A.B. asks: 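Take a look at this one; I'll ask things after.
Worth saying up front: this structure is predicted, and the values here are computed from it rather than measured. Start at 1 with the first residue, then count along the sequence.
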Amino acid sequence: MPDQQPAAAGAFSMPVTVRFGDCDPAGIVFYPRYFEMFNNLVEEWCAAGLGSSFRNLVMQRGLGLPAVSIQTDFIATSTLGDKLTAQLSVLKIGGSSLTLAVQLMGEAGDVRVRATMVVVLIDIKKASAVRIPDPMRERIAPFCAPEEQTYEVPN
């Protein structure tokens, strides 16, 4: 499990190193790789932040947490060897869904990529959404973003 970094209030944070396999021939992160980084962040948040690994969630509990919507702004490039900080905050807790604010920042705190993701808790066997259990909601609550927090792309 990667070491978690200090995060803004209400956020989960972890380091990400841009690897050779993340880059295209131009030497910058190939944009679909950011979606893999987002998924890795959600997995680490579940394990370290919520106390339930994806293995436990999927293999023992029969639950999944797939993304159903991702709106992404690619603000600045990242290149091989860059040390990024991936950060996640919960914007909204629905019946079975979570709306997440995700961003990847450079070492100077500059935002490289920002996204709003909606993930849904599902029963894998039934392939249908299930209500987020109250104990899970309680573990999610500390990661809720302050109401005044906004995620707008700088001009």
A.B. asks: Roughly how far apart are Ser53 OG and Met59 CE, rounded to 0.5 Å?
C.D. replies: 10.5 Å
A.B. asks: Enter the distance from Leu100:CG to Gln87:CD here, rounded to the nearest 0.5 Å.
C.D. replies: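 One finds 12.5 Å between CG of Leu100 and CD of Gln87.
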A.B. asks: To the nearest 0.5 angstrom, please state how far the NZ atom of Lys83 sits from the OG1 atom of Thr17.
C.D. replies: 3.5 Å
A.B. asks: Kindly write out the residues that satisfy salt bridge (charged side-chain N to carboxylate O under 4.0 Å, His left out) with Asp22, not counting sequence neighbours, or none if the list is empty.
C.D. replies: none
A.B. asks: Do you know which two heavy atoms are closest between Ala145 and Leu91, and how far apart they sit?
C.D. replies: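 Taking every non-hydrogen atom into account, CB-CD2, 3.9 Å.
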A.B. asks: What heavy-atom pair brings Glu107 and Asp110 nearest, and what distance separates the two atoms?
C.D. replies: N-OD1, 4.2 Å
A.B. asks: Is it the case that atom CD in Gln60 sees more than 12 heavy atoms from other parts of the structure closer than 6.0 Å?
C.D. replies: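 Yes, CD of Gln60 has more than 12 neighbouring heavy atoms, counting only those of other groups under 6.0 Å.
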A.B. asks: Side chains of Tyr31 and Thr72: closer than 4.5 Å at any heavy-atom pair?
C.D. replies: no
A.B. asks: Report yes if some heavy atom in the side chain of Met105 is under 4.5 Å from a heavy atom in the side chain of Val111; otherwise report no.
C.D. replies: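 Met105 reaches Val111 side chain to side chain.
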A.B. asks: CE/Met117 to CG/Leu41 distance, rounded to the nearest 0.5 angstrom?
C.D. replies: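 It comes to 8.5 Å.
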A.B. asks: Heavy atoms only: give me the nearest Cys23-Leu80 pair and the separation to one decimal.
C.D. replies: SG-N, 3.7 Å
A.B. asks: Taking side-chain contact (heavy atoms from CB on, under 4.5 Å) as the definition, give me every residue that meets it alongside Lys92, ordered by chain and number, with sequence neighbours left out.
C.D. replies: Thr99
A.B. asks: What pair of heavy atoms forms the shortest contact from Pro66 to Ile122, and how long is it?
C.D. replies: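 Scanning both residues completely, I find the closest heavy atoms to be CD-CG1, 3.9 Å.
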A.B. asks: Do the ring planes of Tyr34 and Phe74 sit parallel (below 30°), tilted (30 to 60°) or perpendicular (above 60°)?
C.D. replies: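 Tyr34 vs Phe74 ring planes: tilted.
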A.B. asks: Do Val16 and Phe54 belong together in a cluster built from hydrophobic side chains that touch within less than 4.5 Å?
C.D. replies: yes
A.B. asks: Listed by chain and number, what are the side-chain contact (heavy atoms from CB on, under 4.5 Å) partners of Ala129, not counting sequence neighbours?
C.D. replies: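 Once residues adjacent in sequence are excluded, the partners of Ala129 under the side-chain contact (heavy atoms from CB on, under 4.5 Å) criterion are Ser96, Val120.
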A.B. asks: May I ask you to test the Leu121-Pro133 pair for a side-chain heavy-atom distance under 4.5 Å?
C.D. replies: yes
A.B. asks: Any side-chain heavy atom of Ser78 within less than 4.5 Å of one from Leu104?
C.D. replies: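 Side-chain contact under 4.5 Å: no.
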A.B. asks: Would you say the side chain of Ser52 lies within less than 4.5 Å of the side chain of Arg61, judging by non-hydrogen atoms?
C.D. replies: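 In short, these two side chains touch, coming nearer than 4.5 Å.
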A.B. asks: Would you say that Leu50 contacts Phe12 through its side chain, given a criterion of any heavy-atom pair below 4.5 Å between the two side chains?
C.D. replies: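 No, every pair of side-chain atoms sits at 4.5 Å or beyond.
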A.B. asks: For the CD1 atom of Ile140 and the CG atom of Leu98, what is their distance to the nearest 0.5 Å?
C.D. replies: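 Going from CD1 on Ile140 over to CG on Leu98, the span is 4.5 Å.
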A.B. asks: Quick one: CG on Leu84 to CE on Met14, what's the gap to the nearest 0.5 Å?
C.D. replies: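 It comes to 10.0 Å.
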A.B. asks: If every non-hydrogen atom of Ser97 is compared with every non-hydrogen atom of Val118, which pair is closest and at what distance?
C.D. replies: CB-CG1, 4.1 Å
A.B. asks: State, yes or no, whether a side-chain contact exists between Phe143 and Ile93 at a heavy-atom distance under 4.5 Å.
C.D. replies: no
A.B. asks: State yes or no: do Met136 and Val58 share one hydrophobic cluster built from I, L, V, M, F, W and Y residues joined by side-chain heavy-atom distances below 4.5 Å, directly or via other members?
C.D. replies: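 Met136 does not cluster with Val58.
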A.B. asks: Looking only at heavy atoms, which two atoms of Gly94 and Arg137 are closest? And how far apart?
C.D. replies: O-NH2, 2.9 Å
A.B. asks: Is it the case that Asn39 and Glu43 place a side-chain donor and acceptor less than 3.5 Å from each other?
C.D. replies: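 A pair is found: one side chain offers a donor N or O, the other an acceptor, under 3.5 Å apart.
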